[in-house]
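Since the model is a prediction, treat every value here as computed from it, not as a measurement.
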Amino acid sequence: MNVSKIKSPHFDTAVKYAKKIASGEVLANRDRILACQRFLDDLKRRDLDFRQEQFDFVIDLIEGTIHHVRGEDCNGVSLKGAPMQLTDWQKFICVNIFGFFKKGTNIRRFNEVLIFLPRKQGKTSFSAALAEAKSILDRESGAVTYIVANSVKQTMESFGFLKDNILPMREDVKKLRIRDNNQEHSISIDFGDGTADIYAIANQEERLDSLNCNCLILDELHSWKRAGAKKYILMKNAMKAYRNKLLIGISTAGDIPNGFLANRIKVLQGVLNGSIKEKAYDSYFIFICKADQDTEGNIINSKGEITELNNPEVLKMCTPSIGVTVTLEDLIDDADQAICDPQLRTEYLNKTLNIFTNALTAYFDIEEFRSSDQKYDWTLEQLAKLPIVWYGGADLSKMHDLTAGALYGTYKDVDICITHAFFPRAAAVRKSDEDNIPLFGWEEDGWLTMSNTATVLHDDIVKWFILMKQKGFRIKLVGFDKKFGREFFLKMKKAGFHIKDQPQYFYTKSEGFRHIEVKVKNKQFYYLHSDAFEYCVQNVRAVEKTDDMIQYEKVDGDGGVQRIDLFDAGVFSCCQMLDDMALGGAGSKWLNRE
């Protein structure tokens, strides 16, 4: 494309911003550097058009008509009523969203956006301003915008901003209607040559099912659990009647490291670094500002060295509005408090460094598990051929809930845990929605089997152990507490397995728990990259007892019942291995007999 004809100060600002970030002249995190380099590369593409009219309109409208409704600048001067002046990074975003078009058409390239920022970067006012500007830009198509957040309070932040800014337009439009009551928060504008409707609603699925719009702004995505993917697709489908549609996700990090947003970011980081090349993501604009981390989750500086939470370089790298909406001095003060007071640390990591952490009640750091797991890549077929003695364990549901089976073995000091889940299909839809469990995703990935009966039958789990044996896994022992399923116990015996009664007392499971914990920390634990196993690990809460004993259970979850069944089954099977090793039974002699 020929961008030499673009004569726009806003375009010049975006290009200078991108060049300074990409070259390292301005400190920035890796993802922001890649986003800026992507923009510079895209300007050279011949399969896209680039035009200035729309981003000039949007930026000029925001800076010329929109004002702040509250707040102060870095010098303590009130911003109420002051014109909204976009920062360089905000103009960079506007130029990207409204500048690129599909070749030879009036259809904008980007229809999905993620703006992932630390707190106090002006994201609420910026997203509300984008909603107003895009609504006016697309008015001839009958623009409809929904601003969706988890709580009415959060939606009212955006709605109050819009209401205060749109009221002065009353004399310039044909008709303006504002509804602001317990039932509805909406703004409807008739310009004469088109209309615009903006709604602010809470994130309630029964209301989302009937949306029809060309713009969606989704706030607080960090609080969506894994099952949020269904909700996201539901809302994307609400825009199918429009070609120039736009879904904007805007959020900080949170304490659900395996939730929808955390997993979405992993995919989008792959798009930025080139490891994911699917054409579908060419229409996704990505702007991620967070502290850089190594493979173990440690905070690192621009040289890739592990560093402290209060490192000024790190704070500059992840804070695009530093010196505008926040000061470096304030950020360092917050960091120092977080270092001295552990109860402040999680909030600081989530909202200032913008990185995901485990919930406060969770025992494990999931990044330690991932770091260990990623060191290995054996397939099931390869593992079945290795000279490994395998030990089994099972955690059976009482009725129609998650059931788990596991095999545990060790090879060259690496502990390997193979797990498989079971769930009745009849209850899967309701349970995945109620409890935010990605059951159908697990089934698709091969980590779960759906039974066509009202409950998971014991035969299903027995069949899995038989199947694993047929694949070549040499299973010496299976541990199970027979008081929780005597029928399963007997069926396993009948199938030819050596099954051992394993009572579920915390002091007997403690050894297996501690063994897994040590192996993970030494990066000698492999679970075949199972998302289902990771989900369960993150839901483990543990209490230290006397003599290093540990008692674990599920974390207290909001938005659904948490599960640890796959981890539990892994612990049972690990205990069998440790017991057998103590008796001198784990070794090549048994394998040779087999």
Test side chain to side chain contact (heavy atoms under 4.5 Å, CB included) on E305 and I300; report intermediate values, then the result.
CA-CA 5 Å; E305 302 163 338; I300 56 176; 6.0 Å; no
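- Rounding to the nearest 0.5 angstrom, the gap separating the CG atom in N311 from the CD1 atom in I299 is 10.5 Å.
- Side-chain N or O atoms of K351 include one that pairs as donor or acceptor with a backbone N or O of A253 at under 3.5 Å.
- Once rounded to the nearest 0.5 Å, the distance linking CZ of R30 with CG of D292 reads 4.0 Å.
- You'll find the ring centres of F287 and F116 outside the 6.0 Å limit.
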Show the numbers, then the answer: is there a side chain to side chain contact (heavy atoms under 4.5 Å, CB included) between F525 and V414?
CA-CA 6 Å; F525 187 78; V414 179; over 6 Å; no
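- In this structure, CD1 on I418 lies 7.0 Å from CD1 on I416, to the nearest 0.5 angstrom.
- For the pair L247/L218, a side-chain contact is recorded, criterion being any heavy-atom separation below 4.5 Å from C-beta on.
- Residue I166 holds its CD1 atom at 4.5 Å from CD of E132, rounded to the nearest 0.5 Å.
- Using a 4.0 Å cut-off between charged side-chain N and carboxylate O, D219 and K123 make a salt bridge.
- Proximity of K80 to R70: side-chain heavy atoms (C-beta onward) are nowhere separated by under 4.5 Å.
- In this structure, the side chains of V571 and I516 come closer than 4.5 Å at one or more pairs of heavy atoms.
- Taking the charged nitrogens against the carboxylate oxygens, E313 and K303 have no contact shorter than 4.0 Å, which rules out a salt bridge.
- Side-chain contact check for K19 versus V15: some heavy-atom pair is nearer than 4.5 Å.
- Using a 4.0 Å cut-off between charged nitrogen and carboxylate oxygen, D180 and K163 count as a salt-bridge pair.
- Judged by distance alone, the side chain of N539 and the main-chain N or O of R563 form a donor-acceptor pair under 3.5 Å.
- At least one side-chain heavy atom of H515 sits less than 4.5 Å from a side-chain heavy atom of D415.
- Residues E112 and R264 are paired through a salt bridge, judged by an N-O separation under 4.0 Å between the basic side chain and the carboxylate.
- Aromatic ring centres of Y17 and W89 lie farther apart than the 6.0 Å criterion allows.
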Is there a salt bridge (Lys or Arg N to Asp or Glu O under 4.0 Å) between E517 and R514 once you walk through the steps?
CA-CA 5 Å; E517 183 180 16; R514 289 295 195 194; 3.0 Å; yes
Apply side chain to side chain contact (heavy atoms under 4.5 Å, CB included) to F55 and F11, showing your working.
CA-CA 9 Å; F55 66 71; F11 175 67; 3.9 Å; yes
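- Contact of the I59 side chain with the V95 side chain is registered, since non-hydrogen atoms from C-beta on lie closer than 4.5 Å.
- Taking the six-membered ring for Trp and the full ring otherwise, F110 and Y284 have centroids separated by 6.0 Å or more.
- Between H222 and N350, the closest side-chain pair of non-hydrogen atoms is not below 4.5 Å.
- Checked by atom type and distance alone, the side chain of Y376 never pairs as donor or acceptor with a backbone atom of Y527 at under 3.5 Å.
- A distance of 11.0 Å separates CG of D565 from OG1 of T419, quoted to the nearest 0.5 Å.
- Proximity of the aromatic rings of F513 and F567 is defined here by a centroid distance below 6.0 angstrom, and this criterion is met.
- Between K91 and E63, at least one side-chain N (NZ, or NE/NH1/NH2) sits under 4.0 Å from a carboxylate O, which counts as a salt bridge.
- Note: F533 and W447 fail the aromatic proximity criterion, with ring centroids not under 6.0 Å apart.
- In this structure, D568 pairs ionically with K509, as a charged nitrogen and a carboxylate oxygen lie closer than 4.0 Å.
- For the pair N298/Q293, no side-chain contact is recorded, criterion being any heavy-atom separation below 4.5 Å from C-beta on.
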